[in-house]
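Here is the structure we will look at, set down as structure tokens.
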There are 2 protein chains.
Amino acid sequence: MKSTIKDVARLANVSISTVSRVLNNPEIVVPEKREKVLEAIQRLHYSPNALARGLIHKRTQTLGVLIPDISNLFYSAVLRGMEDAAHRSGNNLIICNTDNNRERRSSILSVLNEKQIDGVVWTSEPVDSGSYELFGKFGFPVVLAATHSLEFELPSVKIDEEQAAYDAAEYLIRRGHTRIGMISGPAADPISGHPRIRGFLRALDDYGIEGDAQSNIEYGKYHFENSYTAMSKLYAKLPDMTAVFASSDERALAAISFLHDNRIKVPDDISVISFDNTRMAGMSTPRLTAVAQPLYDIGYLAVAKLIGLINGEPPQQLRTYVAHSIVERDSVSDRGAGGF
Amino acid sequence: MKSTIKDVARLANVSISTVSRVLNNPEIVVPEKREKVLEAIQRLHYSPNALARGLIHKRTQTLGVLIPDISNLFYSAVLRGMEDAAHRSGNNLIICNTDNNRERRSSILSVLNEKQIDGVVWTSEPVDSGSYELFGKFGFPVVLAATHSLEFELPSVKIDEEQAAYDAAEYLIRRGHTRIGMISGPAADPISGHPRIRGFLRALDDYGIEGDAQSNIEYGKYHFENSYTAMSKLYAKLPDMTAVFASSDERALAAISFLHDNRIKVPDDISVISFDNTRMAGMSTPRLTAVAQPLYDIGYLAVAKLIGLINGEPPQQLRTYVAHSIVERDSVSDRGAGGF
DNA sequence: CTGAAAGCGCTTACAG
DNA sequence: CTGAAAGCGCTTACAG
């Protein structure tokens, strides 16, 4: 039913080699035949089978992406950048959710390998050694997006988490806040956990503000509910705080919800600075002042880098750190800057 | 470098047919040889090439999905359901953003066709006749998710938009509201536009409340900014309204932002009911009371349906309408029910 | 410039 | 039960 190169050859009265040539190297075949072939292609609605091509070229123009959960705004923003970069270079993306599950990840890698994808972008998760071994075994290039690995020599693109967290805290301090709490992800998380905690604490320290992981920080998993609880605990142990650094937009929204439910005004009573700057940050009440990660760019650059590797271009730099920034909106108030 | 079935055959001292059999039909080969083959497979890290297989079987276990913009919470929630359904049945998804662009859509369909995908799920956009022709030309099955077509005989899964909008309005009315505005998407939109407007107006009418498209509705494109403006216009022309029906979460958040910026309290002064119930709905301040679309299920069911078609199962029903519901949270207040 | 042939990595009748 | 052969739909040297 689907017509093949043979059908076209027959109809145009040429060999399949010639058909192949007008497809890949038109200028090399005489105009007369070329026309006939083109016509036959039209008539038969012929389009080449990418599987057959892939088999020969050992290239599928398809990339695999592993991502914890697409239904999350953070990841889907990164993904959008990947998609655009892929589309621009004639590639497609097979997207797989990992749910942060080790086994699922390795089974995904195997399937992607069987499908002969040209490379993989590994998003937002630390690389376990099992997966790293698979990379070697399968032999496709891998780029890390919104994560990196110090243990393995893997190209990556992300922001400098610690500095970004530092900047968030400093932003608050410069606006006169000295009692500052933090809602963090799990301390064990090598991306959104301890680097941000370290940055936060370092800022307090640099500005001579007393505070430590024990008394200034509460931990919540990623989700809203956990963070709401974390905020309530934080408020209980730091009742006189005037500002909170929430290490994700979702945590910031949870913090605001808690404060609102307890008739504490944001930012009048307590300021909140967020992290990530997903689209939600501009849609909340009040709008979130946030450390912005260039989510789209991270995704875009990661696949651009991957495609470079696939094309055998010499790698520019192994670990790329992109710039973050602070987007000022309405969730932080000025305390009458305390002399800094 | 990647080992092939030949390498395995050589190492195990059997023919490639036998290797193929232990892969696909192990019980048919004698244990002794089977073991040798299995061992060789291990040693060589062999895994079959899905392209070669696909070429023969005319099946790639890969589905294409067209979606306007993955970085949107609505779509990404639907996508998550698709992903899970695909994964469960051993399929992968190639995801392509259309940006609601006709040309991009047809170029995507062509590429997917060349890659021999087994079917396509078309998400959330009306089907133009050009695309419909392509479906026929390419000959793969298509299922529509979160959209449908009355013009073409295409399987689909979505909610009943009109009834859902009706229910939203009725919900407000039953709580004593009689001056109700609506923030709608473009009236021309066959999914999120006129069906919801019609449902809204029909409810007003059924309950004997005066109102019409002219004076009770403002239109904004999907995005936050437009809707904020729409809300300001709506408020200007309907200053005594006590409730708003926003036809998406993003519109509801925009409405709330506008109201907040103008010191109008939600829900005390004006209630807001939303539509969609994406994850944001539970994270805002106040939390959104919303008509919930079963986003995940829509995606899940759409690919389940597609896989059924691919497997040649008799189609159950062409157009599936899934149930919506109303999730009560904090953005609607009771007006002391007006006798209904 | 063009065709016949070999080959990409598999599966599947067909003999035996 | 198993191997040789044909074939899936292409591309690419190799002759001519």
Side-chain angles (χ1 to χ4, degrees), chain A residues 1-38 40-41 44-62 110-111 113-118 138-140, chain B residues 1-38 40-41 44-62 110-111 113-118 138-140:
Chain A
M1 43 147 303
K2 240 163 198 168
S3 56
T4 73
I5 198 172
K6 271 189 202 164
D7 302 319
V8 176
R10 196 175 312 130
L11 185 58
N13 233 292
V14 298
S15 73
I16 61 167
S17 315
T18 299
V19 177
S20 178
R21 285 188 194 100
V22 346
L23 253 23
N24 303 305
N25 240 309
E27 62 282 2
I28 223 171
V29 12
V30 290
E32 186 205 2
K33 298 204 176 190
R34 196 197 306 150
E35 291 315 318
K36 284 203 307 184
V37 169
L38 256 14
I41 287 176
L44 298 173
H45 297 320
Y46 171 73
S47 72
N49 183 322
L51 298 185
R53 280 186 165 172
L55 205 48
I56 296 167
H57 289 138
K58 285 155 185 5
R59 257 274 220 161
T60 53
Q61 310 276 67
T62 305
S110 297
V111 174
N113 177 242
E114 290 185 9
K115 295 204 172 172
Q116 314 297 118
I117 45 88
D118 299 330
F138 294 149
F140 44 60
Chain B
M1 45 146 305
K2 240 165 195 164
S3 56
T4 73
I5 198 173
K6 270 188 202 164
D7 303 318
V8 177
R10 197 174 312 131
L11 185 58
N13 232 292
V14 297
S15 74
I16 62 166
S17 315
T18 299
V19 177
S20 179
R21 285 188 194 102
V22 345
L23 253 25
N24 303 305
N25 238 310
E27 61 282 1
I28 224 174
V29 11
V30 290
E32 186 206 1
K33 296 202 178 191
R34 195 197 307 150
E35 292 314 319
K36 283 204 307 184
V37 170
L38 255 14
I41 288 176
L44 297 173
H45 297 319
Y46 170 74
S47 74
N49 183 321
L51 298 185
R53 280 186 164 171
L55 204 50
I56 295 168
H57 289 139
K58 287 158 186 357
R59 258 271 222 163
T60 53
Q61 310 275 66
T62 305
S110 298
V111 174
N113 178 242
E114 290 186 7
K115 295 205 173 173
Q116 312 297 118
I117 46 90
D118 299 330
F138 294 148
F140 45 60

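Letters go in sequence order (proteins before strands), and every chain restarts at 1. Only a predicted model underlies this, so the values are computations on that prediction, with no experimental measurement involved.
A donor-acceptor pair under 3.5 Å is absent between the side-chain atoms of N25(B) and the main chain of I28(B), judged by distance alone. In this structure, the side chain of R34(A) engages the main chain of P26(A) through a donor-acceptor pair within 3.5 Å. Remark: the backbone N or O of G54(B) is not paired with any side-chain donor or acceptor of T60(B) at under 3.5 angstrom. Between the side chain of K115(B) and the main chain of Q61(A), a donor-acceptor pair closer than 3.5 Å is present. A donor-acceptor contact shorter than 3.5 Å is absent between the side chain of T62(B) and the backbone of I117(B). Listed for the S3(A) side chain is a donor-acceptor partner under 3.5 Å among the backbone atoms of L44(A).
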Protein heavy-atom contacts under 4.0 Å, written 5' to 3' over nucleotides 8-16 of chain D as B (base), S (sugar-phosphate only) or - (none), form the string BBBBBB---
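For S110(B), the side-chain contact (heavy atoms from CB on, under 4.5 Å) partners two or more places apart in sequence, or in a different chain, are F138(B). Here I16(B) pairs with I5(B), K6(B), A9(B) under the side-chain contact (heavy atoms from CB on, under 4.5 Å) rule; sequence neighbours left out.
Identified under the salt bridge (Lys or Arg N to Asp or Glu O under 4.0 Å) test for residues 13-33 of chain A, with sequence neighbours left out: none.
A side-chain N or O of S47(B) and one of N113(A) form a donor-acceptor pair less than 3.5 Å apart.
Stem list for DNA chain D (at least 3 consecutive Watson-Crick or G-U pairs, distances under 3.5 Å): C:1-3 with D:14-16, C:5-12 with D:5-12, C:14-16 with D:1-3.
Heavy-atom distances under 4.0 Å link DNA chain D to I28(B), V29(B), V30(B), K33(B) of residues 27-38 of chain B, given in residue order.
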